[in-house]
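Only one structure is covered here, and it is reproduced in the block below.
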Amino acid sequence: MIPETSITFAAGTLDRAAHLRGDPQALAAMLADPAARVLAIWRGKPLIELDDEGGVKQAHWTSPTAQHLSKARSSDWTLLGLDDGAARLAVDISDLPPDGESAPQLVEGAKFIDLRSVMAELGPEDAAAAATAKGLWEWHRNHRFCAKCGEPSAVEEAGWRRGCTSCDAKHFPRTDPVVIMLVVHGDKLLLGHQEEWTDRMYSLLAGFMEPGETMEAAVRREVAEEAGVRIGRVRYLACQPWPFPSTLMIGCMAEALNEDLTIDPTELADAFWASRAEVEQALRGEAERFDASRHGAIARRLMEAWVAGEIEDWDAA
C-alpha cells in the first residue's frame, strides 16, 4: 500500500471530537476560547493566505471573534475537530455578496481560492481541514430539504447532521465511493481521456461503485465498460477524500488480461497504453503526446508510485 501521509487531503490528524457536536455548551465555550481557530469558507472556497509574491502560503485561520465573521449565523459554524484540545472550526459566509465578479476581499493578504487549484500547495493539516469543510459545505448546499417528506431541513450537530423541520427525520453527510484504477499489463499502464479535460491530459480510469458491489467487482466492471479490458487480480493501494463534491477515491492496482481496447465513447474520448518510461516523462512534463494528472490528485500519486517502483509486482505481493 501507499502511505496515507503522501496523499493530499488524507494526512490530517485532527481529533474529530464527535462527542462534542451535540453539546451546545461545549460549542459555546469553544467559540469563546482564545485558542480556537476558524477557517472561513465562501461558496465552497477556503480563505487562503498569500505570500509576498502572491503564492499560496497556508490556510487563513483566525479567531472566532474576527470582524469578518461577525455576521455568521449559529448554523453556519462547523466543528472540524480539536488540535491539542483547541477547537478548529469552519464557518460558511457564503451569504456575503461578491465584489463584482470576484469573491469578497475581507482580509489583507488573503483571498478565497478554489480548493482544487491550491490543494497540492497546502500543508497536510490545512488540506485535510479544508477538504472536510468543502465536503460538508457541498452536502449542506445540496440537501436543504428532507429526503423523506420534502420539507426544509435545518443544520444540527455542529454541521454534521440535518434535521427535518416537519417529520424530524435525521440526515447525515454522505460520501460516494469511487474506484480509480492503476491498470497494468506488463510494463504498460492504461490511461484515458475525457472530453471535458484539457486536450493533453490523460489519467487513470475511474468510476462510482454500485449498490451491492465489492471494490474488486467495481474495478472489473468499470474497466470492462469503459475500455473493454478484462481484469484479473485487483489490489487496494490507497484512498483519498475528494471533496468535489464529496467522494472517496479508492485507489487500486488492476491486472489487465488483454490489451485490445474497445472504448465506450460515452465514458471516454480516448484511451491508450503508455509505457513506464513514457509515464515517467509525463510526470516530468516532458512527454510528447500527453500530460499526467494534476498535482495533488490520487491518480498522479499512483502513477508516481508505479514509476518509482514503490508498488510490488503481482508475484511479490
Side-chain angles (χ1 to χ4, degrees), residues 2 6-10 114-121 127 178-208 218-240 242-244 247-314:
I2 298 172
S6 69
I7 305 290
T8 301
F9 301 142
D114 176 65
L115 181 58
R116 195 191 301 256
S117 67
V118 298
M119 60 185 181
E121 301 174 71
V178 174
V179 287
I180 181 164
M181 292 74 74
L182 191 80
V183 181
V184 296
H185 192 260
D187 208 39
K188 297 179 182 179
L189 177 65
L190 180 60
L191 298 174
H193 173 76
Q194 294 187 3
E195 193 68 46
E196 63 267 25
W197 294 349
T198 57
D199 290 344
R200 283 178 50 88
M201 195 182 98
Y202 281 73
S203 187
L204 306 182
L205 274 58
F208 287 94
V219 168
R220 296 185 179 102
R221 175 184 55 78
E222 283 289 341
V223 178
E225 289 176 355
E226 295 186 1
V229 173
R230 292 178 294 110
I231 297 298
R233 289 172 289 185
V234 175
R235 189 165 83 240
Y236 170 81
L237 297 175
C239 66
Q240 178 183 47
W242 190 246
F244 309 107
T247 60
L248 179 68
M249 306 297 292
I250 304 170
C252 299
M253 185 175 181
E255 177 190 35
L257 301 179
N258 63 290
E259 286 191 15
D260 296 336
L261 300 180
T262 303
I263 299 171
D264 179 353
T266 64
E267 298 283 350
L268 296 174
D270 189 27
F272 63 81
W273 293 95
S275 69
R276 194 185 302 260
E278 191 174 15
V279 174
E280 183 176 12
Q281 291 173 345
L283 292 170
R284 296 198 306 264
E286 300 173 358
E288 291 186 6
R289 61 172 172 167
F290 74 99
D291 294 327
S293 308
R294 68 172 70 230
H295 290 280
I298 191 173
R300 186 181 185 93
R301 181 67 188 92
L302 296 180
M303 293 164 70
E304 291 171 344
W306 180 68
V307 165
E310 297 176 31
I311 301 172
E312 295 177 331
D313 60 35
W314 293 106

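Excluded from the calculations below are hydrogen atoms, water molecules and symmetry mates; all remaining heavy atoms, backbone and side chain alike, are included. Residue numbers start at 1 and run along the sequence shown.
Partners of R230 according to the salt bridge (Lys or Arg N to Asp or Glu O under 4.0 Å) rule, which considers only residues two or more places apart in sequence or in another chain, do not exist here. Scored by the ring pair (Phe, Tyr, Trp, His ring centres under 6.0 Å) test, F208 finds no partners at all (sequence neighbours excluded). In this view, E288 satisfies the salt bridge (Lys or Arg N to Asp or Glu O under 4.0 Å) rule with no residue, not counting sequence neighbours. Checked against ring pair (Phe, Tyr, Trp, His ring centres under 6.0 Å), F272 has the following partners two or more places apart in sequence or in another chain: Y202, F290. With sequence neighbours excluded, the residues forming a side chain to side chain contact (heavy atoms under 4.5 Å, CB included) with A238 are I2, I7, I298, listed by chain and number. Under the rule for a side-chain hydrogen bond (donor to acceptor under 3.5 Å, both in side chains), R116 has no partner lying at least two apart in sequence or in another chain. For D114, the salt bridge (Lys or Arg N to Asp or Glu O under 4.0 Å) criterion is met by no residue, not counting sequence neighbours. A search for side chain to side chain contact (heavy atoms under 4.5 Å, CB included) contacts involving R220 returns E216, I231, V234, not counting sequence neighbours. Residues passing the side chain to side chain contact (heavy atoms under 4.5 Å, CB included) test with S275, sequence neighbours excluded: A277, E278. Residues passing the side chain to side chain contact (heavy atoms under 4.5 Å, CB included) test with S293 are S203, A299, R300, M303, sequence neighbours excluded.
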Is there a side chain to side chain contact (heavy atoms under 4.5 Å, CB included) between I311 and M253 once you walk through the steps? CA-CA 9 Å; I311 301 172; M253 185 175 181; 3.4 Å; yes

Would you check, one step at a time, whether the test side chain to side chain contact (heavy atoms under 4.5 Å, CB included) holds for L268 with E226? CA-CA 7 Å; L268 296 174; E226 295 186 1; 4.0 Å; yes

What do the steps show when you test W273 against V229 for side chain to side chain contact (heavy atoms under 4.5 Å, CB included), and what is the final call? CA-CA 11 Å; W273 293 95; V229 173; 4.2 Å; yes

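For the atom pair CH2 of W306 and CG of L182, the computed distance is 7.0 Å after rounding to the nearest 0.5 Å.
Using a distance-only test at 3.5 Å, with no hydrogens or angles considered, no donor-acceptor pair links the side chain of Q240 to the main chain of I250.
Each salt bridge (charged side-chain N to carboxylate O under 4.0 Å, His left out) pair with one or both residues in residues 189-201, not counting sequence neighbours, appears once here: R200-D291. For residues 257-274, the set of pairs meeting the salt bridge (charged side-chain N to carboxylate O under 4.0 Å, His left out) definition, not counting sequence neighbours, comprises K188-E259.
Considering H185, R235, R233 in turn, R233 is the only one that fulfils the side chain to side chain donor-acceptor pair (under 3.5 Å) rule with E255.
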